[in-house]
Amino acid sequence: MTTLPSAATEAHDILARLGVPNEVLEAGPLAVRSPIDGTTMARLAVAGAAETQAAIARAETAFRAWRSVPAPRRGELVRLLGDELRAAKPDLGRLVTLEAGKIASEGAGEVQEMIDICDFAVGQSRMLYGKTIASERPDHRMMESWHPLGPVGVITAFNFPVAVWSWNAALALICGDPVIWKPSEKTPLTALATDAICRRALAAFGDAPDGLLQVIVGDRAAGEALVDDARVPLVSATGSTRMGREVGPRLAQRFARAVLELGGNNAAIVAPTADVGLTVRAVAFAAMGTAGQRCTTLRRLIVHDDVYDQVVPALRKAYQGVAIGDPRDAATLIGPLIDEAAFDAMTRALEDARQAGGTVTGGERAFEAAGGDAYYARPALVEMPAQTPKVKEETFAPILYVLRYDTLDEAIRLHNDVPQGLSSSIFTGDMREAETFVSAAGSDCGIANVNIGPSGAEIGGAFGGEKETGGGREAGSDAWKAYMRRATNTVNYGTALPLAQGVTFEI
């Protein structure tokens, strides 16, 4: 196997090519480490409340100019950004791998998501449609129009360090809104690289206002300043349910909008008529991909008694043989957990499962050649006698709990009996079962799939979930409406003044 350079060395080379000044990488106390080998890649300055408030002021000024730019012209900036991302895809994708630990295809795939949402948003910039509404009054026209909202705050998590920003930024830009981005403190280098890419798109565009796109590498104080400032009418925040419980009420207190993408405890039902080969392949990626660190990772598998002894042994074999190692190696399918805390949480969850009568395959520390400061783990398959309280919690690690069921009603009850409601699947060849699962009586999640896993959503659909997942929607469909304000307009083009509902008021 080829000896690979340290993550720090490779990251510095990539950041230089992407246009991030070297002095930025040694400017402060925030140590940014790679989960691949534990090396420190940079030490960044940390912005606090004052710097965040200054950024908001710049965004507020930018908004006053950008809101009056025609939407198709705003779309041109997003088109240019997409072109810059295409050119930078190999480097930015590699940087995602170095900083978040994703395997190479997933790192590149995340940048492709950015490109895809740019393409989507460019088309959407010509389709910010309102409505004409029938008026009950003669010589009157009612209509609905959409206007830019204001500066948008975006707080992202480590597991998708750039794609989730792009879901918000591409739409916010075409809707007329500046964007202030606070990336995870675990993955700020990809944000700095994306910011450098944005600078090139802005330069090519020519006359965008200063402050339109900003990055704040900050601590909790910076996040709180973004959430609490009345000049920011919308905050999109991705993270844990615990984080959402803090952010949501603070935004509600000032009547701001929230797009919350929080915890997921995603399940799949395997019916008696499922294609077992297809199911095993889909489950393997959904449960083990990204080392179990996707919000849409499959965490619960509900298998019918009739196929349990076909599905579970095949999965057990896959879990025992999956390639774990440096995600830069083309043969690797499972890279590292983000840090020691993630590995410790996985270990505690597996011990809890054993105490509850679960049978655990995998879960041990792996690829120790990476060094003691890197945390790799073999994905764990856990056969459980029941859906215990721990199974109902989200552990952000590659743990798949397996449960049995007898009837579809029982499976759907187990499926829905968790606080989270992000993504879900059923594997079946029975049309009635499939349609029941996606009906109002089936999955209670924001995403419900048939014969594919719960992870790997395309940007054309609105992404988000229900219950403790937060209820927000990002990316495709009509998610653009969150970034605009709606106005209902009535125009009287006659000479009389009839009032609605037949009211009379003569003076």
Side-chain angles (χ1 to χ4, degrees), residues 6-52 54-56 59 85 88 91-102 107 110-111 114 152-169 179-199 213-227 235-240 243 261 293 336-342 373:
S6 74
T9 299
E10 194 172 358
H12 274 248
D13 291 344
I14 290 172
L15 289 162
R17 287 198 297 272
L18 291 175
V20 178
N22 189 63
E23 56 269 23
V24 171
L25 306 179
E26 297 295 336
L30 177 61
V32 183
R33 57 176 293 279
S34 172
I36 292 175
D37 56 13
T39 57
T40 297
M41 298 182 291
R43 295 185 182 275
L44 305 182
V46 177
E51 292 88 350
T52 303
I56 294 168
L85 287 167
D91 275 340
L92 186 57
R94 185 70 160 191
L95 191 60
V96 170
T97 291
L98 294 170
E99 192 171 41
K102 293 186 174 184
E110 183 163 349
V111 182
M114 302 174 80
V152 172
V154 180
I155 300 172
T156 55
F158 78 84
N159 60 324
F160 275 85
V162 288
V164 173
W165 168 82
S166 71
W167 296 352
N168 288 274
V179 178
I180 304 162
W181 180 13
K182 182 193 175 301
S184 167
E185 292 163 79
K186 296 180 181 180
T187 52
L189 298 182
T190 43
L192 294 177
T194 301
D195 186 60
I197 293 166
C198 288
R199 299 303 115 204
L213 290 170
Q214 299 179 77
V215 173
I216 296 293
V217 177
D219 54 15
R220 182 184 177 92
E224 289 178 341
L226 198 58
V227 168
V235 174
S236 170
T238 301
S240 67
M243 180 271 287
E261 300 289 359
Q293 297 171 120
L337 293 167
I338 191 65
D339 54 24
E340 182 180 9
D373 293 328

Q) Is a side-chain N or O of Thr40 found less than 3.5 angstrom from the main chain of Ala42, in a donor-acceptor match? A) no
Q. What distance do Arg94 atom CZ and Asp13 atom CG have between them, rounded to the nearest 0.5 Å?
A. 11.0 Å
(Q) Side chains of Thr187 and Thr190 only: does a donor on one sit below 3.5 Å from an acceptor on the other? (A) no
Q | Interatomic spacing from CD1 in Ile36 to CD in Glu99 - rounded to 0.5 Å | A | 10.5 Å
Q.
Looking at Asp37 and Ala7, would you say the former's side chain and the latter's main chain have a donor-acceptor pair under 3.5 Å?
A. yes
Q: Return yes if some donor-acceptor pair links the side-chain N/O of Gln293 with the main-chain N/O of Asn159 below 3.5 Å, else return no.
A: no
Q | Exceeds 12 heavy-atom contacts within 6.0 angstrom, atom CZ of Arg17 | A | yes
**Q.** Residues Arg33, Asp373; criterion salt bridge (Lys or Arg N to Asp or Glu O under 4.0 Å); working and verdict
**A.** CA-CA 10 Å; Arg33 57 176 293 279; Asp373 293 328; over 6 Å; no
Q. Is any side-chain heavy atom of Ile155 less than 4.5 Å from a side-chain heavy atom of Val235?
A. yes
Q) Can any side-chain N or O of Asp195 pair as donor or acceptor with the backbone N or O of Cys198 at less than 3.5 Å? A) no
(Q) In the structure I gave you, are the side-chain heavy atoms of Lys186 and Pro35 within less than 4.5 Å of one another anywhere? (A) no
Q | Closest contact, heavy atoms only, Gly107 versus Val96 | A | CA-CG1, 4.0 Å
(Q) Using a 3.5 Å distance criterion without hydrogens, assess whether the side chain of Gln214 forms a donor-acceptor pair with backbone atoms of Trp181. (A) no
Q: For Leu226 and Gly153, work out which heavy atoms get closest and say how close.
A: CD2-CA, 3.9 Å
Q.
For Leu25 and Val20: C-alpha separation, side-chain torsions, deciding distance, then whether side chain to side chain contact (heavy atoms under 4.5 Å, CB included) applies.
A. CA-CA 8 Å; Leu25 306 179; Val20 178; 4.1 Å; yes
Q) Okay, side chain of Glu51, backbone of Gly48: is any donor-acceptor separation there less than 3.5 Å? A) yes
Q) Is any side-chain heavy atom of Glu10 closer than 4.5 Å to a side-chain heavy atom of Leu98? A) yes
Q: Please name the pair of heavy atoms, one in Leu95 and one in Leu189, separated by the smallest distance, quoted to 0.1 Å.
A: CD2-O, 3.8 Å
Q: Kindly indicate whether the side chain of Leu192, heavy atoms from C-beta on, has any atom under 4.5 Å from the side chain of Leu44.
A: yes
**Q.** CA sep, side-chain torsions, deciding dist, call: Leu213, Arg199, side chain to side chain contact (heavy atoms under 4.5 Å, CB included)
**A.** CA-CA 9 Å; Leu213 290 170; Arg199 299 303 115 204; 3.8 Å; yes
Q | Any donor-acceptor N or O pair under 3.5 Å, side chains Thr194, Trp165 | A | no
Q. Where do Ile14 and Leu92 land on the side chain to side chain contact (heavy atoms under 4.5 Å, CB included) test, with the steps shown first?
A. CA-CA 8 Å; Ile14 290 172; Leu92 186 57; over 6 Å; no
(Q) Restricting to non-hydrogen atoms, name the atom on Val111 and the atom on Gly93 that form the minimum distance, rounded to 0.1 Å. (A) CG2-N, 3.5 Å
Q: Identify the two heavy atoms, one from Val215 and one from Ala191, that lie closest to each other, and give their separation to 0.1 Å.
A: CG2-O, 4.0 Å
**Q.** Closest contact, heavy atoms only, Pro336 versus Gly101
**A.** CD-O, 3.4 Å
Q) Would you say the side chain of Val154 lies within less than 4.5 Å of the side chain of Thr156, judging by non-hydrogen atoms? A) yes
